[in-house]
Structure formats: C-alpha cells, structure tokens
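Order of the sequence lines sets the chain letters (A, B, ...), proteins ahead of strands, with each chain counted from 1.
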2 protein chains.
Amino acid sequence: MAAEPVTRGRPREFDPEEALSAALQVFWTRGYEGASLAELTEAMGITKPSLYACFGNKEALFHKALDLYERDKLCYMRSALDAPTARGVAERLLRGTLQIQTGGSDPRACLGVISMVACTTQADSIKTDVIARRASSDKALVERLERAKAEGDLPAGVEPAAIATYLTAVIQGMGVQASGGATPAQLEQLVETTMAMWPTV
Amino acid sequence: MAAEPVTRGRPREFDPEEALSAALQVFWTRGYEGASLAELTEAMGITKPSLYACFGNKEALFHKALDLYERDKLCYMRSALDAPTARGVAERLLRGTLQIQTGGSDPRACLGVISMVACTTQADSIKTDVIARRASSDKALVERLERAKAEGDLPAGVEPAAIATYLTAVIQGMGVQASGGATPAQLEQLVETTMAMWPTV
DNA sequence: CCATTTTCATACCGATCGGTATATAGGCAT
DNA sequence: ATGCCTATATACCGATCGGTATGAAAATGG
C-alpha cells in the first residue's frame, strides 16, 4: 500500500474503498445483472463519470467488489482451515457462513452463489471469475481434508474430495435457503444437523 | 380438460402447450429477469401480441411455466415420498434431482433455486410464488419423515423438520454446483456422499 | 356475400439499460 | 496569476427493455 505518488489535478471527493464497499452491498442484494448503474452510483454517492474514471466499467467494478468480498467476508474460510480437526474445519466453515448470511438485515446467499446461479446473459466473464475463485477455495479445502485423513482424522472410507464437495454443497444450499426467506434459527438448525451428520472417526 | 367450446374467429396457429414448454426452457436457462421477450418469442415461435393474447404478460407466462415445471419435472418429488423407508425417500429425491440437472445439455440448477436466488428487482411476485411452492413441497417431506420416525425409521434423536431442511439444502446446493459447472460425475458423487452420511437406525 | 370475431404481423411506445461527450470546477507547479 | 491536469456535473447516446396500437388475414354465423 504505497501512498499516493503525487496529487496532480483536482482531487477526487470520495473514498474509493468506501464507494467500493457500497457497490458491494448493491451487488450482493441485487446480483450483477440486477444492479443498475443508477442504483450503484446512488449507493456509492458518486456520478457515473466518476465511477467509470475510478473503476473502469460495471464489470470491472464487480470484479473489484468480489476482491473486497473475499477479503472482508470470506476470510473466515482461510482461518477455518486452521482448525485442529476436520470436524472443527467443517464447523467453522458452517458457522462462518451462518454469521455472514445472518449478519445483515435479512439473510441472503453468498455473493458467489448468487453470481453463479444468476448470471446468464453475456456475463460469462463474471461467471468464469466466480467459478475460478470457488475452485481455488475448494482446492484448499480438499488439501486440508487430505491432511486430516493422513492424520487419521477422517474415517478410512471417506474421500476428501467427495466430502469437500458435499460440505460445499451444504454451505451453498444454506445460501439458497437464506435467499428463500429462511430464518436465522432455521439456518442455525441446519448447521447443527449437518454437524450431527458428520462422520465420526 | 373440456374440448374447445367453439372456435369463432381466426384460429391460432400454434400449440399453447408447446409454446409454454419452449418458454420454460428459456426461463430455465436464463432466469426470469434474464429472459427477454425477444428470446421468449423466438423460442416459442410466436410474436409478442400472440404471447400477450394467450398468456397475459411475462409474469403470468412465468407462473404458467412454473406450473408446467412442477408437473413435468418435479413429479419425482411426489413419487419419492412413496418410498418405503426414509432412506429410500432421500435417495429417490437425490437421484431424481440428479437426473433433472444432468438431463439437458449441461447441468443446471432447479428453476426454483434460480428464481429464489436471482429474482431481486421488482419480481417479488415471482419470488413469493416460488417460495410458496417450495414451502408446500417441504411440508409434504416433513410429514413423510414424521411418519418415518413414528415407524421407527429414523433415529430417535433426529428431528424430521431438521432433516428435511438439511436434505433440501443438499439438493439445492447440488443445483448451485450444477450451475457452477460441476460434471455429472461430481454430482453423482455428491449423491453418494450424502447417502453415506444418512443416519442409520 | 357480408358482418363479426379472433389472430397475426409490423411498427411503434415510453422507460431504462450501460456508457460517454462536453463543459465547468478545483487542485498543483511554475 | 497562469497553465495544466484531473474530477465533477449535466446532458446525451444508441440499444434494449416490457408492452401495445393498428390494420390485414382467416375463420364462423347469418
């Protein structure tokens, strides 16, 4: 994070990080295609030319919002992998997801889930990006579970990749239920049930 | 299904059921908001005035498409409840979902999942409808699992409502993964893993 | 044969979409 | 003070959105 090199010309009157954070909220509630430039600029408190000068265009803005989302909201995913046992990893992942989904006003799915399911039209660049990020995080989870299996932390018959896919599916399904109006209590119950299903060594 | 009462005036040149089926395909791949009237009319082989005369408007068309979807694609849900055991119910639900998602060209989520997650803008009528249908199907599943528990078909500590929510989440997560480019083999593996997790009596 | 009724094809409607041209305002360095 | 450079504000762009007005075409009832 180097300081601004020089400030030539009129200084901008908004904080790009604050604006990006506001854009993220809009994308999160509306999805990529559902978020209009009018909504975005109003939430960000800037005009369209400022948005384009600072962020490029709507698509570039979304990619930057995804960066911020991973950095701010999905950081629990990395720290979850530090749990001592596979069971602990699963529980941290589930509880972290629960916290994100129920943190705002009303529960909603992960932004990645929304983008994967919703983006259909010409937004293959968006979808490709989201899928790549998901694949990277899946890879880390699989590696962690492989280590767990080597440490005797998973039953012998359990394939790490398979259980990673399974856990991811439950987490994504939680997001769908959140989008469908599930209450925080229901989502927490889902976490409990999933943990009760987790295989014992 | 009464026959057409009388045919006065110029007869229509298309089959409404075929047109509706084509519209369903478009909605299923594009989502409600992502499907444009241009795409719809082209796929249906009719013009916009014909669409509006026959189906009302885009929203009414979607509701009718949802009816058709439930009738044609989701019928396995009802028959799954006829399985003799709770485990059989779960397996039929999972395999039925797998079949639907991998039946077309490339895997995709259930239309209900797409609609719940994606519809954000003014389409609360759409979302309300989808959520109500989901609630109805959830209710049937819960009742079936309650019966299973009464029959000693579920472990004592398992709450029917909780495991119904859990199973629904896995199924919805399967849809998200299908949207995210999962292969049929991966989806089948997810079914296997979920079944391996299913509690034993 | 004609009037009526309904559908079809075309062209059009206002609103909104993402994106920009233009001109003004506000900071630096000289 | 004067250029110079950049951000701002406003108005505008073509394209597309969902939805319709209009008139011709195709069937029936009389």
For A:Arg95, all residues meeting side chain to side chain contact (heavy atoms under 4.5 Å, CB included), sequence neighbours excluded: A:Glu91, A:Leu98, A:Glu188, A:Val191, A:Glu192

Quick one, B:Arg134 with B:Asp129, criterion salt bridge (Lys or Arg N to Asp or Glu O under 4.0 Å). Give me CA distance, side-chain angles, the key distance, then yes/no. CA-CA 9 Å; B:Arg134 172 72 60 180; B:Asp129 185 7; over 6 Å; no

Contact list please: residues 42-60 of chain B against DNA chain C, heavy atoms, distance less than 4.0 Å, in numerical order. B:Thr47, B:Pro49, B:Ser50

Rounded to the nearest Å, what distance is computed from the CZ atom of residue B:Arg12 to the P atom of nucleotide C:dT5? 18 Å

Please state how far atom CG in A:Leu37 lies from atom C1' in C:dA15, giving the value in whole angstrom units. 16 Å

Integer-rounded Å distance: D:dC17 P and B:Arg30 CZ: 11 Å

Counting just side-chain N and O atoms, does A:Arg10 come under 4.0 Å of either OP1 or OP2 of C:dG26? no

For residues 167-174 of chain B, please give each side-chain donor-acceptor pair under 3.5 Å, one per line with the distance, not counting sequence neighbours.
unit_1   : atom_1 : unit_2   : atom_2 : d
B:Thr168 : OG1    : B:Asp138 : OD1    : 3.2
B:Thr168 : OG1    : B:Ala164 : O      : 2.8
B:Gln172 : OE1    : A:Gln177 : NE2    : 3.3

Could you check whether B:Glu143 pairs with B:Lys139 (Lys NZ or Arg NE/NH1/NH2 to Asp/Glu carboxylate O, under 4.0 Å)? yes

Interatomic distance where CG belongs to B:Leu61 and C1' belongs to D:dG19 [whole Å]: 14 Å

Residues two or more places apart in sequence or in another chain: which of them pass side chain to side chain donor-acceptor pair (under 3.5 Å) with B:Tyr76? B:Thr97

Is it the case that D:dT28 (base atoms only) and B:Arg8 (side chain only) share a donor and an acceptor within less than 3.5 Å, ignoring hydrogens and angles? no

Honestly, is A:Lys58 close enough over A:Tyr32, meaning NZ or CZ under 6.0 Å from the six-membered ring centre and within 45° of the axis? yes

Taking only Lys NZ, Arg NE, NH1 and NH2, and the carboxylate oxygens of Asp or Glu, determine whether B:Glu33 and B:Arg30 approach each other closer than 4.0 Å. no

The side chain to side chain donor-acceptor pair (under 3.5 Å) partners of B:Asp153 (sequence neighbours excluded) come to none

Stems in DNA chain C, runs of 3 or more consecutive Watson-Crick or G-U wobble pairs with both distances under 3.5 Å, sorted by first number, are C:1-30 with D:1-30

